[in-house]
A.B. asks: 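First the structure, then my questions, so here it is.
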Amino acid sequence: MTLNGFGISRRELVGRSADMQILQQHAERARHGHAQLVVIEGEAGVGKTTLVKEFLASLEGFSQFSITLLEEDQQKPASVFRLVSADPSDPTIRTPQELVEAARSGVAALHGPFIAVVEDFHWADPVSVEAATLGLRQIIPAPGLLLFTMQHPEREDLKRLVQIAQSNPAASHIVLSTLSEQGVREYLSAATGLPISEHSAAQVHHITGGLPVVVHEAATWLEHTKSFPGRSTQHVLARVETAMQEDASRYRQHIVASMESLSTSAREVLELLALAAVPLPGWYLLRGLHAQEQDLAELRNLDLVSRDSAGVNYRLRSASWQSTLRDLIPPVDRVRLLLALAEFDDGPESFAFRLSAARLGEDQEHLVMLGELGVERTAELEEQGFGEKAESLIEQVTTALPQEGGLRALISLAVRRRALPQVINDGLDVAFENMPEGTLQSAWNALMLLRRGSTGEAVASLGLFPPGPASRTEDVVVFAYAVSECGRLAIPYGIGVPSPAFFGTALTEIQQWRDASRAGAESREDAPEVGDYLGQLMVIIEMWSVLAKGRGERAPDESVAELRDLLARRVPGAGTGLAASAVRSALGARMRLAGECRASFRMLESLVQEPATDYLDSARLNFGLSLFYSGRWDEAEQLTTRVAANGLDNGEDVHALIGYAFAALVPLARGQARGERLLDVVKKAQHGPEPTAADAICVFVEAWACLLREENPRALDLLLALKERQSPWSVIGLMQVTLLGRLLCQQDRSAEARDLLQTVSDVSIPATPASRRYAENYLSGLTADDPRQGMGRLLAAIDLLDLIMQPQRSPGEAERGSFRLHRALLALDIADLCAAHPEVLSEHRTRALGLLAWAGVVFTRCGVEPLAEHVGQTRQRLRAGIRGGAAGAGAVADFDDGLHVLTRREREVARHVARGLTNREVADHLVLSVRTVETHVRNILKKLELDSRKTLRRRLTTTAPARQQ
């Protein structure tokens, strides 16, 4: 016997809250003297032990007795006796009735409520099971809970015990099922802090069967493996398979034991289904393996296979058995079974089985022949319109036979299907090592370097073998794609930006090759769709050559105008292709930086409605940033999280890490732990010596979060570090220059803040004239020695900002593309200045209070507790200088009057409720239980003398009168 379970951590309780509630209800009834019974049923690894462990840990005041049975206990009469007997040394108690009496005697001797747990009761001996059934037919009054865990019962005596649990009002029968795809997604996200896409969750669910004990392997690997480069869903699945194949794995031991009890033919059926990984018809299993109907019946009875609704196709009951079963098959038997599967049909799956058999059998001559046949078969599938199947097949050929022919066929197919991002992975490195030096190999090396964030090395690699007249079409397209990726990775983030000459030279080389190809005989081989793809990549490269210009190379504010011109010249009509998406995405981001917030918002909003591409993911992140600035944080978090969730799908390159950083922005600003965890993934990512774009975004995100949490010294350090990077302001814009000046003034470094006025006139920074005047007035107001002069400048700045963003009168209305967050900070600065000089600036108090009330609503709705408290403190300072009945004072006083009677935690809860969050959502945000939040809400309503949550929301979102012009 042993008291050890699988040792799974608490997070496996994802999706088990309802079951935990049932257990706790029975415990409370037992505490009050009503004897209770619970039977928990589920297959090995589904989380029975974990649920029991966490349940026991949650209880207080109970005596606890537990035991775990092993298989050998079936042969030991009264194996459970040591748990239930008052005198375990008594050798005379052996019959079921004697066991029952001994158990009741032991219970009578206990003082206080108790819980007795018997785990893996399916291994109990017949005497113990009969005693349990006998004693439970009439549960005697006692302050105790008897809890059994077991696998699906095959024995009739165990089935009778289950029937008692199902029929007795003092009992419950809990059947633990495996995690759904959504459950797997929630589990992985909870364990790692990463957003997980539906695709990744589905892949992990498929190979694990949703078993928590196996999903745990994936989560553990993700949690403890540094990101970047190459951590991907495929690596996660490989880790799970490896863990399941270890001899020490209890899950593997369970599968091995189950297989040993089967007949040879029944075992082969399971092995064939594992190798196929798809359902197979019963007639084929009988014919291909010479199995008998009774073999299939045996597997059905043991619940190892299941049939579809028509009763025709069979599959493994648990997909998590597949990798372990494959590993258990000897190589000779596996070859035989693979060839049997190959006879099933003549499709691409059949060919893949033949390829695997040849590779396993080390028949090199046969493998080469199959490789050549695979290339031909790929072409046929593509002609028939089965592009994805063709790509899957040729990738298998290339992996099995890493030679130039298969690799070129794969790249050519990916080019035609515009699926280059999907084939850029570490799995083809061996194949590319066998490629001769040339344009294709240097371009591939550049793409792999870009995955690690090494833009400089990628540029150097691309310069080794530029396209020449004899270059093949796919070589030139991959080269152009790599050049465009250099721009996408570097220029939007100001890190490792290649020179404009790099893009210009590449564009010239591609154009020369294209002209020569059109003039020669090879032009017939250049399919129109490939030519169009190359043409779109050339537009993108031209775009990067425009944006790569540095200081001194650009006319005043010309980047936005040049992008508009490029869009009009090179992208026909409205344009929805790759080039149109890329240029519009870059233009939308530049317009936001320049201060054209509404036009930027409209363009980015239209882009995010289109199907996702690489450049549209960039548009989504930029749109998320616009939503963040607008104060629409919940929408911003939802959008950026959706983009970041794709990070694992094709490997965590720099773009995935950038998505993670943006997804951390809102929770980090709200002080939530998951924001810290997500940003920590980016900070600890593995990469080379060069700083990457993800590093820059990480600093930007953390600076904003520190500023909003009023951790101002840290925020200042981060913004100063960002200022030292290459082309920082052309990447983050003049709005952030004002934030830096604001922080410098707060640290009594006004001279440095004044120096930033020179930055405002830097024409390399995209900005409208109104934006430049806004920044100039803001910085001048912050650094002015005369309070009156400073107030005049700050009020001029907020008037200019209103001209730019045209705010709605009601802060409750959504503003499209505003800089509401910047306005709220400026409003707070105006109020602070007024409060610091109450006599000199007394005529501005009313307006300052109105602006402050508006800012308070913004911070409250966003969930920024420190700044909301700052607003309350500044309001008190301003009120002290207002006479009773002064204009506007009553309306402002109504905004937050009475909140001083609440505790700090109650104020936090109240502000989240005011944002419209449910109790569950508030609990998630503040890491509290739902019951605790419910208690806080009741106390808040009572203290504020309010009748409902709706009244509370209306109370906390009441605004002061509109700002006077």
A.B. asks: For G496 versus A490, what's the shortest heavy-atom pair and its separation?
C.D. replies: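 Where G496 meets A490 most closely, the heavy atoms are O-CB, 3.5 Å.
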
A.B. asks: Calculate, to the nearest 0.5 Å, the distance between atoms CG and CG belonging to L779 and L794 respectively.
C.D. replies: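 L779 atom CG to L794 atom CG measures 10.0 Å (nearest 0.5 Å).
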
A.B. asks: Which heavy-atom pair separates S618 from R488 by the least distance, and what is that distance?
C.D. replies: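 That closest heavy-atom pairing would be OG-NH1, 4.1 Å.
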
A.B. asks: Please tell me if the side chains of L616 and V608 come closer than 4.5 Å, counting only heavy atoms from C-beta onward.
C.D. replies: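 Not in contact.
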
A.B. asks: Quick check: closest heavy atoms across L917 and E921, and the distance to 0.1 Å?
C.D. replies: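 Minimum heavy-atom contact is CA-OE1, 3.3 Å.
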
A.B. asks: Does some side-chain heavy atom of S818 sit less than 4.5 Å from a side-chain heavy atom of Y629?
C.D. replies: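 They are not in side-chain contact.
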
A.B. asks: Is there a side-chain contact between L718 and C706 (heavy atoms, below 4.5 Å)?
C.D. replies: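 When only atoms from C-beta onward are counted, C706 and L718 do touch, with a gap below 4.5 Å.
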
A.B. asks: Rounded to the nearest 0.5 Å, how far apart are CG of L707 and CG of L719?
C.D. replies: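 The distance works out to 7.0 Å.
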
A.B. asks: Using the rule given for side chain to side chain contact (heavy atoms under 4.5 Å, CB included), can you reason through M735 versus L801, listing the C-alpha separation, both sets of side-chain angles and the distance that settles it, and then say yes or no?
C.D. replies: CA-CA 10 Å; M735 287 293 183; L801 189 57; 3.6 Å; yes

A.B. asks: Give me the one residue out of T640, I697, L665, L604 that meets side-chain contact (heavy atoms from CB on, under 4.5 Å) with L621.
C.D. replies: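 Checked T640, I697, L665, L604 against L621; only one passes side-chain contact (heavy atoms from CB on, under 4.5 Å): T640.
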
A.B. asks: Is T860 close to V871 at the side-chain level, that is, under 4.5 Å between some pair of heavy atoms?
C.D. replies: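 Not in contact.
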
A.B. asks: Using modelled atom types and a 3.5 Å cut-off, is there a donor and acceptor pairing between side-chain atoms of Q609 and backbone atoms of E605?
C.D. replies: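 At least one qualifying donor-acceptor pair exists.
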
A.B. asks: Could you give me the CA-CA distance, side-chain angles and deciding distance for R754 and D785, then say whether salt bridge (Lys or Arg N to Asp or Glu O under 4.0 Å) is met?
C.D. replies: CA-CA 12 Å; R754 289 190 188 97; D785 295 326; 3.3 Å; yes

A.B. asks: Quick check: are there more than 12 heavy atoms from other residues, nucleotides or ligands sitting under 6.0 Å from CD of Q638?
C.D. replies: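 Atom CD in Q638 is not crowded, with 12 or fewer foreign heavy atoms closer than 6.0 Å.
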
A.B. asks: Determine whether L851 and R823 satisfy the following criterion, side chain to side chain contact (heavy atoms under 4.5 Å, CB included), listing intermediate values before the conclusion.
C.D. replies: CA-CA 9 Å; L851 290 171; R823 187 181 192 267; 3.9 Å; yes

A.B. asks: Any chance you could lay out the side chain to side chain contact (heavy atoms under 4.5 Å, CB included) test for L587 and R584, step after step, and finish with the verdict?
C.D. replies: CA-CA 5 Å; L587 177 57; R584 290 166 66 202; 5.5 Å; no

A.B. asks: Checking C834 against M791 for the side chain to side chain contact (heavy atoms under 4.5 Å, CB included) test, could you report, in this order, the C-alpha distance in whole Å, the side-chain angles of both residues, the deciding distance, and whether it holds?
C.D. replies: CA-CA 8 Å; C834 192; M791 179 60 75; 3.9 Å; yes

A.B. asks: Do the side chains of E843 and R788 get close enough for a salt bridge, i.e. N-O under 4.0 angstrom?
C.D. replies: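 Yes, E843 and R788 are salt-bridged.
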
A.B. asks: Does E752 pair with R749 as a salt bridge, N-O distance under 4.0 Å?
C.D. replies: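 Here E752 pairs with R749 in a salt bridge, since their nearest N and O are under 4.0 Å apart.
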
A.B. asks: Once rounded to the nearest 0.5 Å, what's the spacing between atom CG of L708 and atom CG of L825?
C.D. replies: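 Output value for this atom pair is 6.5 Å.
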
A.B. asks: Is there side-chain contact between L627 and E637, with at least one heavy-atom pair below 4.5 Å?
C.D. replies: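 They are not in contact (no side-chain heavy atoms under 4.5 Å apart), so the answer is no.
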
A.B. asks: Grab the two heavy atoms, one from L716 and one from L743, that are nearest each other, plus how far apart they are.
C.D. replies: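 Nearest heavy atoms, L716 then L743: N-CD1, 3.7 Å.
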
A.B. asks: Under the side-chain hydrogen bond (donor to acceptor under 3.5 Å, both in side chains) test against Y778, which residue among T738, T783, D829 passes?
C.D. replies: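 The side-chain hydrogen bond (donor to acceptor under 3.5 Å, both in side chains) with Y778 is passed solely by D829 among T738, T783, D829.
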
A.B. asks: Begin with the C-alpha distance, continue with both residues' side-chain angles, and end with the deciding distance and a verdict on ring pair (Phe, Tyr, Trp, His ring centres under 6.0 Å) for F628 and F662.
C.D. replies: CA-CA 10 Å; F628 175 78; F662 273 115; 9.6 Å; no

A.B. asks: Give, for atom CD1 of I658 and atom SG of C698, the distance between the pair rounded to the nearest 0.5 Å.
C.D. replies: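 Taking CD1 in I658 and SG in C698, the distance rounds to 11.0 Å.
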
A.B. asks: Got a donor-acceptor contact below 3.5 angstrom from the S600 side chain to the A589 backbone?
C.D. replies: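 No; zero donor-acceptor contacts below 3.5 Å.
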
A.B. asks: With a 6.0 Å cut-off on ring centres, are Y493 and F700 close enough?
C.D. replies: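 Judged by ring-centre distance (under 6.0 Å), Y493 and F700 do not meet the cut-off.
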
A.B. asks: E865 pairs by side-chain hydrogen bond (donor to acceptor under 3.5 Å, both in side chains) with which of R709, H870, R670, R911?
C.D. replies: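 Checked R709, H870, R670, R911 against E865; only one passes side-chain hydrogen bond (donor to acceptor under 3.5 Å, both in side chains): R911.
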
A.B. asks: Distance alone, cut at 3.5 Å: any donor-acceptor contact between the side chains of N622 and R590?
C.D. replies: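 Note: N622 and R590 side chains miss the donor-acceptor criterion.
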
A.B. asks: Okay, side chain of R820, backbone of V858: is any donor-acceptor separation there less than 3.5 Å?
C.D. replies: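 Not a single qualifying donor-acceptor pair exists.
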
A.B. asks: Do the ring planes of W704 and H822 sit parallel (below 30°), tilted (30 to 60°) or perpendicular (above 60°)?
C.D. replies: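 W704 vs H822 ring planes: perpendicular.
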
A.B. asks: Taking the side chain as every heavy atom from C-beta outward, state whether R674 and L194 have any pair of such atoms under 4.5 Å apart.
C.D. replies: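 R674 vs L194: side chains apart.
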
A.B. asks: Considering only heavy atoms from C-beta outward, does the side chain of V913 approach that of V933 to under 4.5 Å?
C.D. replies: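 Not touching, per the 4.5 Å side-chain cut-off.
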
A.B. asks: Decide yes or no for L563 and L547: does some side-chain heavy atom of the first lie under 4.5 Å from some side-chain heavy atom of the second?
C.D. replies: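 The answer is yes, as the side chains (C-beta and beyond) meet within the 4.5 Å cut-off.
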
A.B. asks: So, taking the atom named OG in S750 and the one named CG in L782, what distance separates them when rounded to the nearest 0.5 Å?
C.D. replies: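 One finds 8.5 Å between OG of S750 and CG of L782.
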
A.B. asks: Are K683 and D695 within salt-bridge range, i.e. N to O under 4.0 Å?
C.D. replies: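 Between D695 and K683 there is no salt bridge, as every charged N stays at least 4.0 Å from the carboxylate O atoms.
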
A.B. asks: Could you tell me whether Q758 atom CD has more than 12 heavy atoms of other residues or ligands within 6.0 Å of it?
C.D. replies: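 Open: at most 12 neighbouring heavy atoms sit under 6.0 Å from CD of Q758.
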
A.B. asks: Should E869 and R907 count as an ion pair when the cut-off is N to O under 4.0 Å?
C.D. replies: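 Salt bridge flag = yes for R907 with E869.
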
A.B. asks: Could you check whether D799 pairs with R847 (Lys NZ or Arg NE/NH1/NH2 to Asp/Glu carboxylate O, under 4.0 Å)?
C.D. replies: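 Yes, this pair counts.
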
A.B. asks: Please give me the minimum heavy-atom distance between L607 and A619, naming the atom from each residue.
C.D. replies: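 Here L607 and A619 meet closest at CD1-CB, 3.9 Å.
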
A.B. asks: Any donor and acceptor pair, going by atom type alone, linking the side chain of R877 with main-chain N or O of P838 inside 3.5 Å?
C.D. replies: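 Checking the backbone N and O of P838 against the side chain of R877, no donor-acceptor pair under 3.5 Å is found.
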
A.B. asks: Measure the spacing between CD of E596 and CE of M603 and express it to the nearest 0.5 Å.
C.D. replies: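 Here the rounded value is 9.5 Å.
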
A.B. asks: For the residue pair S780 and N777, confirm or rule out a side-chain donor-acceptor distance under 3.5 Å.
C.D. replies: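 No donor-acceptor contact under 3.5 Å links the two side chains.
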
A.B. asks: Nearest heavy-atom pair of E610 and S581: which atoms, and what distance?
C.D. replies: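 So the minimum-distance heavy-atom pair works out to OE1-OG, 3.9 Å.
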
